[in-house]
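Both ligands and their constituent atoms are indexed starting at 1 by order of listing.
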Amino acid sequence: MTIQPTQMAQTPQRIQTSVCVVGGGPAGLTLAVELARRNVPVVVLEASAHFNRSFRGESVSPDSVWLVDRLGLLDRLDGTYVQMHRMEIDDSGHTVFQAEFADFRYPHPFPVELPQPTLLAALAETGAAHPCFRLVQGTTATALLRDAEGTVTGVRARTADGETEIRAALTVAADGRFSKIREMSGLTYRKVPLERDVIWLKLPFPYGDWDDRTYRVRIRGDQHGLFIPTRPDSVRVGFNIPKGGLREMRAQGLPALYERLDLLAPELSKAVRESVHTWSDTSMLDIFTTVVPHWSMPGLTLIGDAAHTLTPILGQGVNHAIIDAVTLAPLVERALGDGGRGSAVRLLAATEAFQREREASVARSRALQLRQERLFTLDGALGSAWRRTLYRVVSSSPWLTRKVLAGAYFQLQAPGERVAKVQAGT
Ligand SMILES: Cc1cc2nc3c(=O)[nH]c(=O)nc-3n(C[C@H](O)[C@H](O)[C@H](O)COP(=O)(O)OP(=O)(O)OC[C@H]3O[C@@H](n4cnc5c(N)ncnc54)[C@H](O)[C@@H]3O)c2cc1C
């Protein structure tokens with residue numbers, strides 16, 4: 001692949017731009033679109049040559065649906081996503097929690113199921129309409145460039161045609177949960193493994209047994225499964241296994257997997273046997289959260305999963321990736337000023353302000369997820385009874401239901417200052 005020069009750029013071997021984003025996932029592409037709309041030259045490097053990703057980031061929270069709408073993308077995505085209308089938790093065969101999203105009086109009360117490749121392609125298309133936007137696929141950032149003071153000045157990258165350097169006033173690591181840029185930067189972080197991992201698989205949707213607008217959680221003892229309707233005509237299933245337990249499960253063979261699912265969702269017994277023939281029909285997600293005390297340093301900031309990996313509960317990864325991007329873009333625009341170069345000091349202040357603005361919200365979602373994960377792991381008669389009682393109490397109170405779900409779904413759309421701030425930026 002040959003890299004074309006950007007607006008400010010020079011030769012294929014060396015590109016000069018204002019912002020270099022490493023990673024064309026939801027965080028990196030949303031940020032690039034938001035910067036390009038503001039006439040800030042931006043280059044996105046994406047290691048993969050395509051957007052195809054299975055089992056990833058398809059649940060998009062109501063707050064992000066609201067943001068995607070404000071970015072003018074929702075109409076473009078019409079027909080590619082499904083609105084979810086309710087959530088139902090079943091514990092040991094009893095429905096213990098139900099929430100109707102229509103009961104929440106927000107502009108966008110419904111989460112949606114939207115395939116990540118569709119979202120990324122729409123973002124890339126939107127970006128391509130702006131002359132300041134450049135996406136370079138099939139290109140991997142391999143090293144950070146720094147000046148004599150240690151300020152990050154860009155990255156070195158590997159393309160199919162050889163090496164290139166991208167010099168930028170600000171480099172943004174949007175390279176996901178295993179961020180290499182975070183590693184190279186020396187920014188410290190704490191990885192907190194959860195007690196269990198999750199196996200994902202996709203099955204034909206059991207129409208007749210289930211309606212396709214309901215998120216289902218099924219719990220039996222300390223085992224739980226998430227059942228998420230997915231386009232087209234499928235259900236995405238995620239169920240827990242002990243931490244690092246994949247090898248043991250594989251040794252037991254696929255019947256062990258079938259039986260796990262029989263226990264949680266007998267409606268899918270036939271489908272799992274007909275659809276899952278090898279372990280490569282499944283995908284294992286190592287569940288951990290990452291806490292990064294400082295998201296930025298001179299010339300560099302982290303966003304999305306690179307700054308705060310979350311767990312799959314209530315689909316928060318894409319949500320926070322998009323909110324990060326929308327929050328950061330106006331701060332960077334202001335710090336860069338008219339010339340698009342900015343001073344390192346102003347950029348650092350902007351990226352630090354970005355972290356201050358975002359980290360409480362991320363911490364709130366993380367705390368909700370960890371509380372939920374602890375509930376899932378409760379076992380024994382007493383633990384299970386306590387869990388069922390808790391769900392029933394929350395379910396019987398619209399106020400409590402709203403309060404619990406707000407930590408994941410309605411942080412931006414809640415009335416107050418935060419909405420005004422984000423709106424001012426968009
Ligand atoms: C199995 C699974 C299911 C999930 N389901 C959901 C869900 O339903 N809802 C939800 O909200 N979240 C879900 N997530 C999490 C969600 O996918 C992430 O939180 C979200 O994609 C984070 O966005 P991001 O842009 O920060 O990072 P990513 O989406 O991980 O994007 C990072 C990008 O950087 C690229 N990259 C990495 N290194 C380099 C490099 N050196 N040079 C160039 N490019 C590089 C990668 O190719 C990738 O495209 C799921 C995750 C997994 C693994």
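The cationic group of Arg182 lies under 6.0 Å from the six-membered ring centre of Tyr189 and within 45° of the ring axis, placing it in a cation-pi geometry.
Backbone and side-chain nitrogen or oxygen atoms of Gly317 are examined, and one is located within less than 3.5 angstrom of a nitrogen or oxygen of ligand 1. Polar contact with ligand 1: present for Ala47 (N/O pair, distance under 3.5 Å). Residue-to-ligand polar distances place Ala141 within reach of ligand 1: an N/O pair is separated by less than 3.5 Å. At least one N/O-N/O distance between Ala27 and ligand 1 falls below 3.5 Å. Considering backbone and side-chain atoms alike, Pro26 places an N or O below 3.5 Å from some N or O of ligand 1. Taking distance alone, with nitrogen or oxygen atoms compared against 3.5 Å, Val318 approaches ligand 1 more closely than that limit. Looking at ligand 1, you'll find an N or O of Ser59 within less than 3.5 Å of one of its N or O atoms.
Considering only heavy atoms from C-beta on, Val19 comes within 4.5 Å of Leu336 through its side chain. By the 4.5 Å heavy-atom criterion applied to side chains, Val33 and Leu71 are not counted as neighbours.
Here Thr140 has heavy atoms under 4.0 Å from ligand 1 in both its backbone and its side chain. With a 4.0 Å cut-off on non-hydrogen atoms, Thr139 touches ligand 1 through its backbone and not its side chain. For Asp175, heavy-atom contacts with ligand 1 shorter than 4.0 Å involve the backbone as well as the side chain.
Residue contact annotation: Pro312 has no non-hydrogen atom under 4.0 Å from ligand 1. Within the 4.0 Å heavy-atom shell around ligand 1 one finds Glu46. Residue Gln116 places a heavy atom less than 4.0 Å from ligand 1. The shortest heavy-atom distance from Arg236 to ligand 1 is under 4.0 Å. Residue Leu120 places every heavy atom at 4.0 Å or more from ligand 1.
Shown here are the salt bridge (Lys or Arg N to Asp or Glu O under 4.0 Å) partners of Glu267, two or more places apart in sequence or in another chain: Arg218.
Ring to ring, Phe101 and Tyr409 are close: their centroids are under 6.0 angstrom apart.
Here ring-ring contact (aromatic ring centres under 6.0 Å, His included) pairs that include residues 271-305, with residues two or more places apart or in two chains, are Phe178-Phe288, Trp295-His308, Trp295-Phe354.
For atom 32 (C) of ligand 1, the nearest non-hydrogen atom from the set Ala174, Gly23, Pro111 comes from Ala174. Between atom 20 (C) of ligand 1 and the options Asp305, Ile181, Val136, the minimum heavy-atom separation is to Asp305.
A salt bridge links Arg167 and Glu165; the closest N-O separation between the charged side-chain nitrogens and carboxylate oxygens is under 4.0 Å. Ion pairing between a basic and an acidic side chain is recognised when a charged N comes within 4.0 Å of a carboxylate O; Glu373 and Arg196 show such pairing.
Other residues, nucleotides and ligands contribute over 12 non-hydrogen atoms within 6.0 Å of the NZ atom of Lys243.
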- For the pair Ser185 and Leu144, evaluate side chain to side chain contact (heavy atoms under 4.5 Å, CB included) and give the outcome as yes or no after the intermediate values. CA-CA 7 Å; Ser185 72; Leu144 284 176; 4.0 Å; yes

